[in-house]
Number of protein chains: 2
Amino acid sequence: MKKELSHIPKECVAYNFTKTARHLASFYRKIINRSGLQGMQFQLLLAIRLYEPVSISVLAKKLEIDRTTLSRNLKRLEKNALVNFENAEDQRIHNVQLSESGNKILTSALPLWEEAQNLILDRFGTDNWHQLLDSMNKLERIIS
Amino acid sequence: MKKELSHIPKECVAYNFTKTARHLASFYRKIINRSGLQGMQFQLLLAIRLYEPVSISVLAKKLEIDRTTLSRNLKRLEKNALVNFENAEDQRIHNVQLSESGNKILTSALPLWEEAQNLILDRFGTDNWHQLLDSMNKLERIIS
DNA sequence: CCAAGAAAGGTGTATGTACACTGTTTATGA
DNA sequence: TCATAAACAGTGTACATACACCTTTCTTGG
């Protein structure tokens with residue numbers, strides 16, 4: 001007889017998070033795309049505005065994403081003239097900052113993020129979200 | 001004066017889920033890789049075992065992933081001889097099922113999934129996880 | 001001072017994701 | 001019946017992820 005395995009996808013922490021994350025990213029992306037930005041581009045421009053001028057490695061740590069992934073994503077932003085790189089005194093460090101148009105398009109996208117966020121929170125409840133977020137953060141601490 | 005924006009990454013539902021999902025996927029992947037399987041390969045083989053023989057579209061709906069993404073991921077499994085395709089009477093449908101070696105390697109990976117899952121649940125608490133999962137499922141229903 | 005190592009970043013390669021579009025096969029209703 | 005629509009799947013293209021490996025630049029301890 002074959003072992004019953006249907007509990008695995010139902011219970012697997014990674015699978016369920018990945019699935020929900022995909023759907024949520026899609027939800028936000030469809031709205032934020034109206035600004036001309038991809039979802040990831042929005043995240044990056046926002047993070048750059050918060051920390052600029054900032055090196056690639058530092059930004060990767062802030063966003064908790066792989067440095068080489070970030071590096072390539074930033075390269076696309078540079079190609080679209082949304083960010084600029086410049087060297088620091090330390091010649092190893094490539095500092096990134098928003099360009100004029102990067103700043104402009106980010107500003108235009110902020111209300112779209114609000115719209116997506118509010119669509120979710122109005123239906124899910126802000127308190128429920130904060131509780132969920134707390135729980136997720138505990139989970140994160142466990143695996144790092 | 002510049003508007004304060006640091007609440008956005010802290011609060012954004014999509015960003016926080018994506019980040020946690022990445023970390024969790026990495027956690028499971030490192031363990032499951034010891035079987036020779038990628039994390040996604042494990043998911044797919046498992047789902048195929050649960051539903052085989054199953055068409056690509058049906059499998060995509062079960063897994064809630066994009067059909068074309070699934071199609072290409074399955075192509076890699078086929079290339080590695082872990083699954084087989086065969087046509088149904090309905091010539092449009094390509095049914096997929098596990099090969100001998102696909103079955104074997106999946107069986108060998110199951111204890112590794114248990115290991116990863118238990119590492120998380122032992123530290124996080126099964127009840128906490130079920131509560132979190134409930135909340136996530138509510139969130140999913142809201143956005144679909 | 002300077003050799004060894006650490007830090008920053010890039011490249012090669014492979015996998016994963018998803019939208020727009022296409023072709024083929026089956027179902028359906030006027 | 002047969003034109004039209006729906007269902008199934010593949011391809012083109014672009015973006016996103018991440019590991020292994022490399023070079024360049026700085027730091028540090030003997």
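Note that the coordinates shown come from a computational prediction; the quantities given were computed from them, not determined experimentally. Chain letters run A, B, ... following the sequence lines, proteins first, then strands; residues in each count from 1.
- Counting heavy-atom neighbours within 6.0 Å of B:Gln131 CD, excluding the residue itself, gives a total of 12 or less.
- Atom CD1 of B:Ile32 is separated from atom P of C:dT15 by 17 Å (rounded to the nearest Å).
- Across the protein-nucleic acid pair, B:Lys75 atom NZ and C:dA14 atom C1' stand 15 Å apart, rounded to whole Å.
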Show which side-chain atoms of residues 67-83 of chain A pair as donor or acceptor with protein atoms under 3.5 Å away, not counting sequence neighbours.
{"residue": "A:Thr68", "atom": "OG1", "partner": "A:Asp66", "partner atom": "OD2", "Å": "2.5"}
{"residue": "A:Asn73", "atom": "OD1", "partner": "A:Arg76", "partner atom": "NH2", "Å": "2.7"}

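- For A:Asp90 and D:dT25, the CG to P distance is 10 Å, given to the nearest whole Å.
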Any chance you could list the contact pattern along nucleotides 14-22 of chain D? Use B for base contacts, S for sugar-phosphate-only contacts and - for none, protein heavy atoms under 4.0 Å, 5' to 3'. -SBBBBB--
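- Regarding contacts with the backbone of C:dG9, a side-chain N or O of A:Ser57 is found under 4.0 angstrom from either OP1 or OP2.
- For the pair B:Glu89 and A:Ile56, nearest-nucleotide mapping onto DNA chain C gives the more 5' position to A:Ile56.
- The interatomic distance linking B:His94 (NE2) with D:dA7 (C1') rounds to 12 Å, in whole Å.
- Computed from coordinates, the A:Asn33 CG to C:dA18 P distance equals 13 Å when rounded to whole Å.
- With hydrogens and angles ignored, the 3.5 Å screen pairs a side-chain donor or acceptor of A:Gln117 with a backbone N or O of B:Glu11.
- Between the side chain of B:Arg92 and the base of D:dA7, a donor-acceptor pair under 3.5 Å is found.
- Looking only at atom types and distance, the side chain of B:Ser57 has no donor-acceptor partner in the side chain of B:Ser55 under 3.5 Å away.
- Residue-level contact check: A:Gln43 touches neither bases nor backbone, having no heavy atom under 4.0 Å from any strand.
- Distance alone, capped at 3.5 Å, is enough to place a donor-acceptor pair between the A:Asn16 side chain and the A:Lys10 backbone.
- Rounded to a whole Å, the CD atom of A:Gln91 is 14 Å from the C1' atom of C:dA7.
- Summarising the geometry, the separation between CD1 on A:Ile93 and P on D:dC26 is reported as 9 Å, rounded to the nearest angstrom.
- Taking atom CD on A:Glu78 and atom P on C:dG9, their separation rounds to 13 Å, with Å as the unit.
- One finds no side-chain N or O of B:Ser71 lying less than 4.0 angstrom from the OP1 or OP2 phosphate oxygen of D:dA9.
- Ring-plane geometry between A:Phe17 and B:Trp129 is classed as parallel, the angle between the planes falling under 30 degrees on a 0 to 90 degree scale with a further cut at 60.
- Scanning for side chain to side chain contact (heavy atoms under 4.5 Å, CB included) contacts around B:Arg29 gives B:Ala25, B:Ser26, B:Asn33, with sequence neighbours left out.
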